[in-house]
Amino acid sequence: QVQLVESGGGVVQTGGSLRLSCAASGRTFSSYAMAWFRQGPGKEREFVAAISWSGASTDYADSVKGRFTISRDNVKNSMYLQMNNLTPEDTAIYYCARRLSGKSASPNAYNTWGQGTQVTVSS
């Protein structure tokens, strides 16, 4: 019954920044983890970052460490992804996901997904 909606995508030049948001609506669970995934043209969906329900624990893909920051605001029922120093390889549709229990880097572990938001980085 939970719905996730991403926003904040757009077109930016190499070296620029974007901040993505994911808002949850509908039924709220007492404990859950959330994550960001992305899928570039002709590529498989890949893990980007994950965060525990409390926000105390985070995981990042090696390709985004030091450039991206995941965070959440449980009062607003929202999750964010701050993306800095973007490159054309970051071009993809970005999806937010949610699951009960602990965080995971596997897309198969998540049972609720948003529709995605497009991020395009030009050279």
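We number each residue from 1, following the sequence as shown.
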(request) Search all heavy atoms of A33 against all heavy atoms of R72 and return the closest pair with its distance. (result) CA-NH1, 4.0 Å
(message) How close do A109 and S104 get, counting heavy atoms only, and between which atoms?
(response) CB-OG, 3.6 Å
(request) Decide yes or no for V12 and S17: does some side-chain heavy atom of the first lie under 4.5 Å from some side-chain heavy atom of the second? (result) no
(message) What I'd like to find out is whether the side chain of S78 reaches to under 4.5 Å of the side chain of S21, using heavy atoms alone.
(response) no
(message) The test is side-chain contact (heavy atoms from CB on, under 4.5 Å); show your working for M83 and V119 and say whether it passes.
(response) CA-CA 10 Å; M83 306 185 293; V119 172; 3.9 Å; yes
[X] side, atom [atom1]; [Y] side, atom [atom2] - distance, nearest 0.5 Å:
{"X": "M34", "Y": "S52", "atom1": "CE", "atom2": "OG", "answer": "12.0 Å"}
{"X": "M79", "Y": "N77", "atom1": "CE", "atom2": "CG", "answer": "11.0 Å"}
{"X": "R98", "Y": "I51", "atom1": "CZ", "atom2": "CD1", "answer": "13.5 Å"}
{"X": "R67", "Y": "T87", "atom1": "CZ", "atom2": "OG1", "answer": "5.0 Å"}
{"X": "S101", "Y": "Y32", "atom1": "OG", "atom2": "OH", "answer": "14.0 Å"}
{"X": "F47", "Y": "R38", "atom1": "CZ", "atom2": "CZ", "answer": "11.0 Å"}

(message) Taking atom CD as the centre, does Q82 end up with more than 12 heavy-atom neighbours from other residues, nucleotides or ligands that are less than 6.0 angstrom away?
(response) yes
(request) Using a cut-off of 6.0 Å, state whether more than 12 heavy atoms not belonging to Q3 lie near its atom CD. (result) no
Do you reckon [X] sits in the same ILVMFWY cluster as [Y], going by side-chain contacts under 4.5 Å, direct or chained?
{"X": "Y60", "Y": "Y94", "answer": "yes"}
{"X": "V64", "Y": "L18", "answer": "yes"}
{"X": "V2", "Y": "W36", "answer": "yes"}

(message) Name the residue from L81, L20, I93, T117 that meets the side-chain contact (heavy atoms from CB on, under 4.5 Å) definition with E6.
(response) T117
(request) Kindly indicate, with the supporting measurements, whether the criterion side-chain contact (heavy atoms from CB on, under 4.5 Å) is fulfilled by Q118 and V11. (result) CA-CA 8 Å; Q118 177 70 49; V11 180; over 6 Å; no
(message) Side chains of Y110 and R99 only: does a donor on one sit below 3.5 Å from an acceptor on the other?
(response) no
(message) Keeping N74 on the side-chain end and W53 on the backbone end, is there a donor-acceptor pair under 3.5 Å?
(response) yes
(message) Keeping T112 on the side-chain end and A97 on the backbone end, is there a donor-acceptor pair under 3.5 Å?
(response) no
(request) For F68 and L86, run side-chain contact (heavy atoms from CB on, under 4.5 Å): C-alpha distance rounded to whole Å, both residues' side-chain angles, the deciding distance at 0.1 Å, then the answer. (result) CA-CA 9 Å; F68 291 9; L86 288 162; 3.9 Å; yes
(request) Identify, with sequence neighbours excluded, every residue that meets side-chain hydrogen bond (donor to acceptor under 3.5 Å, both in side chains) alongside D62. (result) K65
